[in-house]
Peer 1: 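Right, I'll just put the structure down here and ask away after.
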Amino acid sequence: MKKSLLCLLLASLLALPVLADDEIRLPAPQKSGGMPLLEALNARKTSRRTTGEPPTLQQLADVLWAANGVTRADGKRTAPSAMNRQEIEIAVLTRDGLYEWDADDNELDRSDTTIDLSDQLNGASMMLIFTYDDDDQTPAYAQVDCGFVGQNVYLFCTSKGWNCVFLGSIDRAKLARALDCREGEVLYGMRIGIR
Ligand SMILES: Cc1cc2nc3c(=O)[nH]c(=O)nc-3n(C[C@H](O)[C@H](O)[C@H](O)COP(=O)(O)O)c2cc1C
């Protein structure tokens with residue numbers, strides 16, 4: 001136990017791509033710097049060349065915070081949401097496994113799924129999977145809210161010089177089984193390639 005905590009601490013400090021434990025406390029996200037917004041808007045584009053290095057914990061913390069992280073004391077986020085329901089959940093698929101992001105605690109919780117999702121990752125550095133709880137939100141609002149999160153990720157990746165693609169074409173049935181949710185609650189995915 002002590003040894004694995006020490007490994008995790010060292011990995012975080014050295015920003016090594018180690019994702020072994022069931023609950024991973026992410027480092028504080030970097031909230032300053034980056035490309036000027038208007039330049040990022042001008043440069044934003046879809047790139048399907050998403051093969052790349054696995055993410056470090058810092059890179060995970062940064063992209064997730066940009067996507068839909070907490071920005072205010074009242075818990076509001078980088079992305080707006082209809083009626084402030086904040087229903088969009090983000091799961092992260094890497095070569096190490098599938099994790100669910102807890103935005104409030106800045107933590108990744110490892111899924112115990114044994115389903116092979118490598119065809120969904122398709123060699124990317126990571127894939128974000130956007131889901132929602134359909135008890136909490138209507139599908140139309142969830143689709144829109146997800147679009148805002150996706151655009152945040154596009155702009156963040158542009159700023160970093162990473163490749164990314166927003167994906168409607170994903171295996172929702174398989175991802176739903178892995179995430180233990182209903183197929184209709186799996187909205188979109190986003191593959192990211194770190195360069
Ligand atoms: C809702 C939505 C679903 C998309 N699904 C896919 C997809 O399944 N596969 C893919 O290669 N690109 C997908 N894209 C990316 C679009 O093809 C891309 O945004 C479009 O060609 C315009 O290019 P740009 O993003 O560089 O402006 C999707 C985009 C959106 C907004």
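Sequential numbering from 1 along the given sequence is applied to the chain's residues. Start at 1 and go down the list; that is how both ligands and their atoms are numbered.
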Peer 1: May I ask you to decide if K76's main-chain N or O and T71's side chain share a donor-acceptor pair within less than 3.5 Å?
Peer 2: yes
Peer 1: For residues 174-187, which residue pairs qualify under side chain to side chain donor-acceptor pair (under 3.5 Å), counting only residues two or more places apart or in two chains?
Peer 2: D119-K174, D134-R182, R182-E185
Peer 1: To the nearest 0.5 angstrom, please state how far the OH atom of Y99 sits from the CG atom of L60.
Peer 2: 9.0 Å
Peer 1: What verdict does the side-chain contact (heavy atoms from CB on, under 4.5 Å) test give for I194 and M126, after you've listed the backbone C-alpha separation in whole Å, the side-chain angles of each residue and the deciding distance to 0.1 Å?
Peer 2: CA-CA 8 Å; I194 295 172; M126 65 179 120; 4.0 Å; yes
Peer 1: Check ligand 1 against the protein and report each N/O to N/O distance under 3.5 Å, formatted as atom name, atom name, distance.
Peer 2:
unit_1: ligand 1; atom_1: 5 (N); unit_2: F166; atom_2: O; d: 3.4
unit_1: ligand 1; atom_1: 5 (N); unit_2: G168; atom_2: N; d: 2.9
unit_1: ligand 1; atom_1: 8 (O); unit_2: G168; atom_2: N; d: 3.2
unit_1: ligand 1; atom_1: 8 (O); unit_2: S169; atom_2: N; d: 2.9
unit_1: ligand 1; atom_1: 11 (O); unit_2: R48; atom_2: NE; d: 2.5
unit_1: ligand 1; atom_1: 12 (N); unit_2: R48; atom_2: NH2; d: 3.4
unit_1: ligand 1; atom_1: 14 (N); unit_2: F166; atom_2: O; d: 3.0
unit_1: ligand 1; atom_1: 17 (O); unit_2: R48; atom_2: NH2; d: 3.0
unit_1: ligand 1; atom_1: 19 (O); unit_2: T46; atom_2: OG1; d: 3.3
unit_1: ligand 1; atom_1: 25 (O); unit_2: R44; atom_2: NH1; d: 3.0
unit_1: ligand 1; atom_1: 25 (O); unit_2: R44; atom_2: NH2; d: 3.4
unit_1: ligand 1; atom_1: 25 (O); unit_2: T46; atom_2: N; d: 3.4
unit_1: ligand 1; atom_1: 25 (O); unit_2: T46; atom_2: OG1; d: 2.5
unit_1: ligand 1; atom_1: 26 (O); unit_2: T46; atom_2: N; d: 2.8
unit_1: ligand 1; atom_1: 27 (O); unit_2: R44; atom_2: NH2; d: 2.7

Peer 1: Which atom pairs, donor and acceptor, lie under 3.5 Å between side-chain atoms of residues 30-40 and protein residues at least two apart or in another chain?
Peer 2:
unit_1: Q30; atom_1: OE1; unit_2: S32; atom_2: N; d: 3.4
unit_1: Q30; atom_1: OE1; unit_2: S32; atom_2: OG; d: 3.0

Peer 1: Enumerate the side chain to side chain donor-acceptor pair (under 3.5 Å) contacts for residues 60-69, please, sequence neighbours excluded, ordered by first and then second residue.
Peer 2: Q58-D62
